[in-house]
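This report refers to the structure that appears directly beneath it.
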Amino acid sequence: MILAHSFFARSAPKVARDLLGKMLTRRLPDGTRIAAPITETEAYDGFDDRASHAHRAKTTRNAVMFGPPGYTYLYLCYGIHWMLNVTTREEGYPAAVLVRATAVVSGPGRLTRYFMLTGEQNALPLRPASGIWIEPKSKDPVRPGSVRATPRVGVDYAGPEWRAKPWRFVWTPDA
DNA sequence: TGCGCGATTCTC
DNA sequence: AGAATCGCGCAT
């Protein structure tokens, strides 16, 4: 069972919230399989979102955000860290969810290093054949009360309205 | 063709 | 608090 088209073809905030507790899964070229539940996400939704890469226009870098849902969008940040996003919404509407952390790794840059993701994995459909996909657990482990929504990280430049959007979702698993 | 800055992380 | 580090986006 994998999350497919219909899961991702929704608004980025909804997808970001529902991605919590889902298993980010990776198969490396040597066959090694890595998987961990997603614990933190951020939504970037639409042309108007001033924090989004797609705010101005479609470019070479952000083109994937304008494509079909359920694809990887990887870009280099601060010249050092790769960021993993997954595209949402219908083709033509730019939206994506930044995967900021899993149960075993905190921080979006550390996450891609752990899962061995770089620009080589950009623009791939999320499915086993791509070596990266996302699976639901048989039973949803996320209690509604264990999720908190906060403003997004590092987007102070986006102006008062967009800076304040509670589009960062953090799941604290029960002990 | 050049320049400022960032959806970060680690160290001092 | 500051450095590391480089591609993108906008100005020249």
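Proteins come first, then strands; the chains are lettered A, B, ... in the order of their sequence lines, and each starts at number 1. No experiment lies behind these values; they were computed from the predicted model shown.
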- [ ] Tell me the stems DNA chain B sits in, counting at least three consecutive Watson-Crick or G-U wobble pairs, each under 3.5 Å on both distances.
- [x] B:1-6 with C:6-11, B:8-11 with C:1-4
Open item on the list: How many whole angstroms separate atom CD1 of A:Ile80 from atom C1' of B:dC5?
Closed with: 13 Å
Task: Flag, side chain of A:Thr102 to backbone of A:Ile38, donor-acceptor distance under 3.5 Å - done: no
Open item on the list: Does a side-chain N or O of A:Tyr75 approach OP1 or OP2 of C:dC6 to a distance below 4.0 Å, or not?
Closed with: no
Open item on the list: Is there aromatic stacking of A:Tyr78 on C:dA4 here, judged by a ring-centre distance under 5.5 Å and a plane angle under 30°?
Closed with: no
Task: A:Thr59 vs C:dG9: side-chain N/O to OP1/OP2 distance below 4.0 Å - done: yes
TODO: May I ask you to check whether over 12 heavy atoms, not counting those of A:Met23, lie within 6.0 Å of atom CE?
DONE: yes
TODO: Assess whether salt bridge (Lys or Arg N to Asp or Glu O under 4.0 Å) is satisfied between A:Glu42 and A:Arg152, documenting all intermediate values.
DONE: CA-CA 7 Å; A:Glu42 271 178 11; A:Arg152 295 170 288 183; 5.7 Å; no
TODO: Go through B:dT8, B:dA7, C:dT5 for me and flag the one nearest to the A:His81 side chain.
DONE: B:dT8
Open item on the list: What is the separation between atom CG on A:Leu84 and atom P on B:dT8, rounded to the nearest whole Å?
Closed with: 14 Å
- [ ] Using heavy atoms and a sub-4.0 Å distance, could you list which residues of residues 101-111 of chain A are near DNA chain B? By number, please.
- [x] A:Gly107, A:Pro108, A:Gly109, A:Arg110
Task: Cluster check A:Leu98, A:Trp133: I/L/V/M/F/W/Y, side chain < 4.5 angstrom - done: no
Open item on the list: Can you measure A:Arg50 atom CZ to B:dG6 atom C1' for me and round it to whole angstrom units?
Closed with: 16 Å
- [ ] Grab the CH2-C1' distance between A:Trp82 and C:dC8 for me, whole Å please.
- [x] 12 Å
Open item on the list: What is the separation between atom NE2 on A:His55 and atom P on B:dA7, rounded to the nearest whole Å?
Closed with: 13 Å
Open item on the list: For a quick test of reading the model: is some side-chain N or O of A:His53 closer than 4.0 Å to OP1 or OP2 of B:dA7?
Closed with: yes
TODO: Compare side-chain N and O positions of A:Arg61 against OP1 and OP2 of B:dA7 and report whether any pair is under 4.0 Å apart.
DONE: no
Task: Under the side chain to side chain contact (heavy atoms under 4.5 Å, CB included) test, residues paired with A:Asp18 that sit two or more places apart - done: A:Phe7, A:Arg10
Open item on the list: Rounded to whole Å, how long is the line connecting atom CE of A:Met83 with atom P of C:dC8?
Closed with: 15 Å
Open item on the list: Can a donor-acceptor pair be found, under 3.5 Å and without considering hydrogens, that links the side chain of A:Tyr71 to the backbone of A:Leu126?
Closed with: no
Task: Nearest-angstrom distance from the residue atom CG of A:Asn62 to P of B:dA7 - done: 12 Å
- [ ] Indicate yes or no: does A:Glu135 engage A:Arg127 in a salt bridge with an N to O separation below 4.0 Å.
- [x] no
Open item on the list: By nearest atom, which of the nucleotides C:dA4, B:dC10, B:dA7 is closest to the A:Asn85 side chain?
Closed with: B:dA7
Open item on the list: Using a heavy-atom cut-off of 4.0 Å across all strands, would you classify A:Arg163 as base, sugar-phosphate, or nothing?
Closed with: nothing
Open item on the list: For the backbone of A:Leu124 and the side chain of A:Thr72, can you confirm whether one donor and one acceptor N or O come within less than 3.5 Å of each other?
Closed with: yes
- [ ] Would you tell me whether A:Thr39 and A:Trp171 have side-chain atoms, one donor and one acceptor, within less than 3.5 Å of each other?
- [x] no
TODO: Report yes if a side-chain nitrogen or oxygen of A:Arg100 is closer than 4.0 Å to either non-bridging phosphate oxygen (OP1 or OP2) of B:dT8; otherwise report no.
DONE: yes
Open item on the list: Applying ring pair (Phe, Tyr, Trp, His ring centres under 6.0 Å) as the test, list every pair that has at least one member in residues 75-100 of chain A; sequence neighbours left out.
Closed with: A:His53-A:Tyr75, A:Tyr73-A:Tyr75
Task: Any donor-acceptor N/O pair, A:Ser52 side chain to A:Asp49 backbone, under 3.5 Å - done: no
Open item on the list: Test: salt bridge (Lys or Arg N to Asp or Glu O under 4.0 Å). Region: residues 160-175 of chain A. Which pairs qualify, not counting sequence neighbours?
Closed with: A:Glu40-A:Arg168, A:Arg143-A:Asp174
Task: Donor-acceptor contact below 3.5 Å, side chain A:Arg89 vs main chain A:Pro69 - done: no
TODO: Taking only heavy atoms on the protein side, list every residue of residues 147-154 of chain A lying under 4.0 Å from any atom of DNA chain B, sorted numerically.
DONE: A:Val153, A:Gly154
Task: Whole-Å gap separating P (B:dC5) and CG (A:Asp156) - done: 15 Å
Task: P gap between C:dG2 and B:dC5, integer Å - done: 16 Å
